[in-house]
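Worth knowing before you read on, the calculation uses all heavy atoms, side chains too, and leaves out hydrogens, waters and symmetry mates. In what follows, chains carry the letters A, B, and so on, assigned in the order in which the sequence lines appear, proteins first and then strands, with residues in each chain numbered from 1.
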Protein chains: 4
Amino acid sequence: MAVAERESAPRRRAPRVDAVRNREAIIEAAAEVLAEQGTAVDVREIARRGGVGMGTLYRHFPKKEDLIHTVLRKEFLEWAESARQAAIDAEDPWMALTDFYQQALTGCARHRAIMENFALTWSVPDLEGIQQLRMVIEELCARATNLLRPGVTTDDLLLLLVSLGHAVELTDECRPRMWNRLLRISLDGLRAEHREPLPAE
Amino acid sequence: MAVAERESAPRRRAPRVDAVRNREAIIEAAAEVLAEQGTAVDVREIARRGGVGMGTLYRHFPKKEDLIHTVLRKEFLEWAESARQAAIDAEDPWMALTDFYQQALTGCARHRAIMENFALTWSVPDLEGIQQLRMVIEELCARATNLLRPGVTTDDLLLLLVSLGHAVELTDECRPRMWNRLLRISLDGLRAEHREPLPAE
Amino acid sequence: MAVAERESAPRRRAPRVDAVRNREAIIEAAAEVLAEQGTAVDVREIARRGGVGMGTLYRHFPKKEDLIHTVLRKEFLEWAESARQAAIDAEDPWMALTDFYQQALTGCARHRAIMENFALTWSVPDLEGIQQLRMVIEELCARATNLLRPGVTTDDLLLLLVSLGHAVELTDECRPRMWNRLLRISLDGLRAEHREPLPAE
Amino acid sequence: MAVAERESAPRRRAPRVDAVRNREAIIEAAAEVLAEQGTAVDVREIARRGGVGMGTLYRHFPKKEDLIHTVLRKEFLEWAESARQAAIDAEDPWMALTDFYQQALTGCARHRAIMENFALTWSVPDLEGIQQLRMVIEELCARATNLLRPGVTTDDLLLLLVSLGHAVELTDECRPRMWNRLLRISLDGLRAEHREPLPAE
DNA sequence: AATGAATGAGGTTTCATTCAT
DNA sequence: AATGAATGAAACCTCATTCAT
């Protein structure tokens, strides 16, 4: 046992098995509740669903905001990663771009919370998750550079994603496939055959 | 109309003037506050700025939601009208489309509240203001029918508007002209030269 | 009634009868509870005893601290006034001094809260109630000037009062008359026959 | 003693050394914190500063109150002892009395916690530390018997000490030498030249 | 024996809505 | 019809104490 401990955590006393479990339970519960009710939830509801006391919740996340941010970041990261994977799996560059948006927007449909975090993109641009996302898009840009109309920037593609994400959110319940049309339109507008310069900022 | 009213209730003690003035004051105050702080405002703040008591406010709007909806609808209507006017003033059909979006999105930048209401577009499609907006877009569609790629619907154009509206909302403060690029891209994607069919819903 | 209103409050709409009643009820309840349990009370208990809702309490006193201060100041003022009256009623100057302390200290015995406020004497010397108290003592000093040992200041007498007040607080329950002895000793030490100068500060 | 322990429990796995060290660390930390923030501290703060876990703290002191009492008693004893020493070192009886109060009150200025414990004097008169203090005062009384006004009791002198202690506490920060004047006044009131009997309890 | 995570009652405060004046 | 005081159910957060590791 001592050996095991030394191996797994050479400095800290113990990994606190139940603490970890609780933390996960809280995050999971919060994710559920946030998806259902948005950020205006009662923390007690989260604690109840997570099967922990208020104190436990507040030990892990001293402010409600901390908890929410943690959940959002986690979901956001997972989401960004799945979109990145879709891009990597694609064969040709334009397909990569298309699949990336497809996957990302499909994710938006499922996790309402993602968009709440995504909205922070522009106000807090160095947010951890955003950076990763931006890197993926940069890669996509580079791969598809000859297929994209001149002057298109990473930020353009990122904003397009946020923008479409919102459309997804609104239409997902009543007309779940509608956003694909908008995506197609926007991507076509990005093709290299459009040679007119984009307006400067 | 005023005459009719006087005739039907000739002996009402107090004139309606106060009531009307109060109602307007409340709506105006609410519009201000909503624009500044979103829907999570304290109702008192609205009453205070409107110069009326809580009771008066609640006489006119039994629920906070009622007040908010009223304000949003009013702003929404004005906004839709200004966009329609921009479209009418334009000379050629494509310009009309462009100016319409320009005007509408500029309005989004100014009235944050509009978007909150706009988001209801799809869940409550027979909302008064939406209908008007849809009619404008239908006209634009008809005028530009030969310039638009085949299969584009009114709903597509409406959703595009909502989608871009969100982008405007997010970038207005830090990069206020960025959304113009996205608009250009999307509109280009709508041009008739793109002949591939849009995905069915 | 209208006349009365105009006289007493020419500008404000109405004296809000029940508001006044509630305010008093809250203060009275708070006074009771503070006397019993000290400042560590639950505000809910105060609201309950006052027969008002939480909101009412917080309308009148936005912070718990506000309520407590209000109560303490009120009691303090009444207390100071009763001591002043005792001094006025006395015939000769030394008797006035004696009776003042007697009355003041008897008050300390009854209202524990007074001392909590009194303790602020030195940290917040321009507290309303203190000023009045200081004035009374100054008068007493002036009247008894030939009977007091040279160099005794108002602050000396004030600090003596606080000091003895604490003794009263401690002994009131188990040995309720004990503090009179200490008072006698201290007052004798203040007599003019002691001519040695007091240590400078 | 160590031998006795080893004999009676020869195979205890861990030596008591840790436990003792922890206990001391807790007490020391608590003393620090109490001096700084009064009794309203969070127990965690104490545990943290003492470098021990909550469980350890609660093993030694099952209730927060227990810990506080322990600390206060310890400080109180040290304080009483230093005052006693001052009295012993003095040459004549009146000087002994004076020096005793001087030393004791100077101690009050430094350890706020002392007064909190001292306040228990009358409600828990057989508190260990008080007994010692009372004995010192009794001795002082005996030595100065001819110099003290008739009828002065040990309790009078003790209450005087508590009373002045409170004055010290209040004035120490803003007017640190002020209490000396009060002490002089009170001691002069204790002189034998005042022959009027003190009021009976 | 030691650790610190977990507990949950209880604290202060806010705010949509009602109601006496 | 207007006023704004009253209401009280939550909301967020703290902390003395217990308990699994």
From CZ of C/Phe61 over to P of E/dT14, roughly how many Å is that when rounded to an integer? 16 Å
Would you kindly give the CD-to-C1' distance between A/Glu24 and E/dA5, to the nearest whole Å? 16 Å
If you count every heavy atom of other residues, nucleotides or ligands that lies below 6.0 Å from A/Lys74 atom NZ, does the total exceed 12? no
Looking at C/Glu32, I'd like to know if its CD atom is crowded, meaning that more than 12 non-hydrogen atoms belonging to other residues, nucleotides or ligands lie closer than 6.0 Å. yes
Atom CD of A/Glu45 and atom C1' of E/dG8: how far apart are they, to the nearest Å? 17 Å
Within this structure, what is the OG1-CD distance for the pair D/Thr39 and D/Glu65, rounded to the nearest 0.5 Å? 10.0 Å
Under a 3.5 Å cutoff on both atom distances, Watson-Crick or G-U, what's the dot-bracket for DNA chain F ([ ] crossing, | other strand)? .||||||||||||||||||||
Quick one: is E/dA6 close enough that its OP1 or OP2 comes under 4.0 Å of any side-chain N or O from A/Asn22? yes
Do nucleotides 16-21 of chain E as a string where each nucleotide becomes B, S or -: B if the base has a protein heavy atom under 4.0 Å, S if just the sugar-phosphate does, - if no protein is that close. BBBB--
Does a side-chain heavy-atom distance below 4.5 Å link D/Ile68 with D/Phe61? no
A/Asp66 CG to F/dC13 C1', in whole Å, measures 12 Å
Evaluate whether atom CD of C/Glu28 has more than 12 neighbouring non-hydrogen atoms of other residues, nucleotides or ligands under 6.0 angstrom away. no
Quick one: is C/His60 getting a side-chain N or O under 4.0 Å of the F/dA6 phosphate, OP1 or OP2? yes
The side chain of B/Thr56 lies closest to which of these nucleotides: F/dA2, E/dA6, E/dA2? F/dA2
Say you draw a straight line from CG of C/Leu67 to CZ of C/Arg23; how long is it, rounded to the nearest 0.5 Å? 9.0 Å
Nearest 0.5 angstrom please: C/Leu57 CG to C/Arg48 CZ, how far? 11.5 Å
Result for 5'-nearest mapping on DNA chain F, choosing between B/Val52 and C/Leu57, is B/Val52
Rounded to the nearest Å, what distance is computed from the CZ atom of residue D/Arg48 to the C1' atom of nucleotide E/dA5? 14 Å
